[in-house]
Amino acid sequence: MYDHKEIEKKWQEKWEQEKIYKTPKNPDPAKKRYILDMFPYISGSGLHVGHPEGYTATDILSRMNRMRGYDVLHPLGWDAFGLPTENFAIKTGNPPWETTPKYIERFRNQIKSFGFSYDWEREVNTSSPDYYKWTQWLFLLLYKNGLAYKKEASVNWCPKDQTVLANEQVVNGACERCGTVVEQKLLSQWFFKITDFTEDLLTSLDTLDWPEPIKQMQRNWIGRSEGALIEFSLTDIPGQEDAKHFVEVFTTRPDTIFGATFLVISPELAQKWIDVGWRAPQEVVAYISQASKKTELVRIAETKDKTGVDTKIHAINPATKEKIAVWIADYVLGSYGTGAIMAVPAHDERDYVFAKKYDLGIVKVIKPDHEIDDCYEGEGMLINSGDFTGESSSTARSEMAERFGTEKIQYKLRDWLVSRQRYWGSPIPIIYCDKCGMQSVPEQDLPVKLPTDVDFLPTGESPLTRSKSFHDVKCPKCNEPARRDSDTMDTFVDSSWYFFRFTDPNNLEEFASKEQMQKWLPVDTYVGGAEHAVLHLLYARFFTKVLNKLEYISFNEPFKQLRNQGLILGPDGEKMSKSRGNVVNPDEIIEQYGADVFRMYEMFMGPLEDAKPWSTQGMVGLSRFLEKVIRFSEAGEFASSNKNIHKLIKRITSDIENFKFNTAVAAFMEFLNENKNLSQSDWESFLKLLAPFAPHLTEELWQKLGHKESIHLEKWPEFDESLARDDKVEIVISINGKKRGMIEADAGLSEKQTKNLIDSSELFAKLDLANKKIMKVVFVPDRLVNFVVKE
RNA sequence: GCCGCUGUGGUGGAACUGGCAGACACGCACGACUCAAAAUCGUGUGGCCUUACGGCCAUGUCGGUUCGAUUCCGACCAGCGGCACCA
């Protein structure tokens, strides 16, 4: 009787024509809502069933807020640069500048088929020059403010594909595309100085309404640890004068310094010593070169079996004044702390393994007033440090830190490596001139456009170096021949600022005007998958802090509220994958059941943030429910008003606000099951409540009831608190906590009234309460009375 | 190894702040309508015992706190996710 395809098409066209979801120009600051989805990464395989889950949630929220009179900004765009697209282009031979617009077209059509209320006039595309002009501008902003710098760094290198790989493309130490073991290669790279904001990135997490696990992951990623820097002076430095005469180590356990029986330095630090004149023994040189060639895979495999080499240099332990050996081992990382450690084998598992293997001394540290902690095997001698006055181990730590060094806070977070030797990304707007050095591309010359006269097949260099039109330029300062930076930016740079652009997407003068940013930002609600817990969400926070520091914006955090959507698994409960053959195609579902059923089913499946298996069988229930709604509306047999609608309004409103879409859908079903007689105005309220969930069907039924305006422009129903309450309640009677019966009562009775009611009920005699020894009575208003009796 | 999350009927899941465990839906069974089927509507549906009234058991396992625990605490088991030689 209802052709869902027909009505969905009809209304989608009409809504678009009449621009009913257009963003207001001048939002009321007190009534603005910026509701954002993580924009999709564009790939050739199109939309999967996971995408619409989060989009439906934000759509419902946006629609309800519009109906409540809020000014809503609800946009969508495309994350369109990046490696998967480029790899697909390499495989098929079709250039990405041709395929990407086609994929976007497909994504847009698929997304539109769900009837989401995006303002399509604000669509952005990170691979369009209008957009990446500002990505480049922001790069230069960071560069000019000392927040972008270039430095040699080792990168992942696939020897078979002859290309650099992003960290995300290295799976268990191998190239994700061809399975070849990845090597490390030293190249000159661009970095963003995210470490300038470390402490702020950590502490302001506490102010955010984000899922706790996501915040925890960010904290772990930032990796703050408190410890000390301690200097160990070196003795007998072989044959050189100017090299350092001490080693500085970082430790979180300065209280174990009495047990430090040797030092270990990283191969990188050893190389630095050689660079300043240390004539290292042959075996040391060999070890360093071997370590630098080691693949990620080998390093991972070696965590149990450590390797190292004796430098033959010695140091003095400042606590014991003993002469101790200095070793080189690659279990000490050059990139963390000072690249050197004091080894305390009795209290550190790694040092213990190393000491056992190379037969180095093991000395336990015993504090006079408390137990030995985390001690490995009773070798070596016991010493009484005798020096601790601290009551606890934490005071002992800072005491020793102060005595032998300085307290220091160390983080794991490193600067963000943003250059990629790849084609499909935003070019880095830097020019190298032999005479003038590194130069920014002048602002009026932006964007630096990606050339199309390139062979984008990877050869080991960025494909851009092989484009003459791109590569050979004049120096902006002296006008002599110069060359462009041939790297492109990591796609995460593009997605770190797109939410700013949405506030002012067509601005030709600025990345977004201060005025528009001030009006709409920060984002009130952000919804997306938990896989972006660290990278994207940390980078976006970093960009926000930079723009705040440079006074473009007045806020310090981009996303006030974050909610995650869970994975949608295959019907077999496993992750959907082509190889497993359990992928559900959203186009087919829409074709057969329609967008409204799809939307409602995804909301009904379970809590938004949980991983849930797909069940086409289960979707039938939603199909039946909407059929029921149609029959009810069409019957047109309305009765007198029913106060139950107030309860429903209250429940749906709060469920949407609290992201409990699954119970909201259940509430609709329950309501329809229980209320067979409704007034027309109650029924219309029902349709309005349902409109954010099933926008097409409710619009159709609304208009059939004789309305001319769209239901989506209606006012959200209000409820009367006093009518939203039950006036009859069932009170549980229990004895010693076990349920023994129930009585019906008016709501709001006092303890005494309730007791009187029980005394006069049949239950009183049945439970033989008169003859029981009642020790205590627990009364919970409108819910329960519990008699504690002595048996 | 470290950090985090999850565990409830045949299935997806519900349960406000510690107060009727299993809402809602799927599936299944029976019934109505039908020549029949589909669709629709109705009834039932955690397990065990009982003709029945009713009772006992039950939220991964074992313990604790409490008048009362799916909910709080402790230990363990299983699954998922993140990080991983970070001193």
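Order of the sequence lines fixes the chain letters, A, B, ..., with proteins taken first and strands second; residue numbering starts at 1 for each chain.
For the pair A:Lys612 and B:A25, the criterion of a side-chain N or O lying under 4.0 Å from OP1 or OP2 is not met. One finds no side-chain N or O of A:Gln617 lying less than 4.0 angstrom from the OP1 or OP2 phosphate oxygen of B:C26. OP1 or OP2 of B:C41 has not a single side-chain nitrogen or oxygen of A:Arg624 nearer than 4.0 Å. Contact annotation: A:Asn662 side-chain N/O to B:A14 OP1/OP2 distance is under 4.0 Å. Regarding contacts with the backbone of B:A87, every side-chain N or O of A:Tyr331 stays at 4.0 angstrom or more from both OP1 and OP2. Residue A:Arg783 has no polar side-chain atom (N or O) positioned under 4.0 Å from OP1 or OP2 of B:U17. Using a 4.0 Å cut-off, some side-chain N or O of A:Lys660 falls inside it from OP1 or OP2 of B:A15. Residue A:Asn673 places none of its side-chain N or O atoms closer than 4.0 Å to OP1 or OP2 of B:A23. For B:G4, the OP1/OP2 oxygens have no side-chain nitrogen or oxygen of A:Arg219 closer than 4.0 Å.
At a threshold of 4.0 angstrom between heavy atoms, the contacts of A:Asn786 include nucleobase atoms, whether or not backbone atoms are also involved. Using a 4.0 Å heavy-atom criterion, one finds that A:Arg651 contacts no nucleic acid atom at all. A:Met742 comes within 4.0 angstrom of a base, heavy atoms only.
Minimum atom distance to the side chain of A:Ile341 is reached by B:A87, of the listed B:C20, B:C24, B:A87. When distances run from any side-chain atom of A:Asp348 to the nucleotides B:A23, B:G27, B:A87, the shortest one goes to B:A87. The side chain of A:Pro607 has B:G13 as its nearest neighbour among B:G13, B:C67, B:C83. Nearest to the side-chain atoms of A:Thr251 among the listed nucleotides B:C24, B:A87, B:C56 stands B:A87.
If you take atom P in B:U59 and the same atom in B:U50, they sit 24 Å apart, rounded to whole Å. With C1' as the reference atom, B:G12 and B:C16 are 23 Å apart, rounded to whole Å. Comparing the same atom, P, in B:G64 and in B:U70 gives a spacing of 15 Å after rounding to whole Å. Rounded to whole Å, the P atom of B:C77 lies 15 Å from the corresponding atom of B:U61.
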For side chain to side chain contact (heavy atoms under 4.5 Å, CB included), just list the numbers for A:Tyr331 and A:Val353, CA-CA rounded to whole Å, side-chain angles, deciding distance to a tenth of an Å, and then say yes or no.
CA-CA 11 Å; A:Tyr331 82 88; A:Val353 170; over 6 Å; no

Does the side-chain hydrogen bond (donor to acceptor under 3.5 Å, both in side chains) test come out yes or no for A:Ser225 and A:Tyr411, once each step is laid out?
CA-CA 6 Å; A:Ser225 38; A:Tyr411 302 92; over 6 Å; no

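In the model, A:Asn786 has no side-chain atom that pairs as donor or acceptor with a side-chain atom of A:Lys776 under 3.5 Å.
Legend: residues meeting ring-ring contact (aromatic ring centres under 6.0 Å, His included) with A:His646, ordered by chain and number and at least two apart, are absent.
The residue among A:Pro613 and A:Ser225 whose nearest nucleotide of RNA chain B lies closer to the 5′ end is A:Pro613.
The base of B:C85 is paired with the side chain of A:Lys306 by a donor and an acceptor separated by under 3.5 Å.
The closest side-chain heavy-atom distance from A:Leu622 to A:Glu627 is not below 4.5 Å.
In summary, of the residues considered (A:Asn317, A:Ile313, A:Val326, A:Thr311), a side-chain contact (heavy atoms from CB on, under 4.5 Å) with A:Leu263 occurs for A:Val326 alone.
Its glycosidic angle being more than 90° from 0, B:G46 falls on the anti side.
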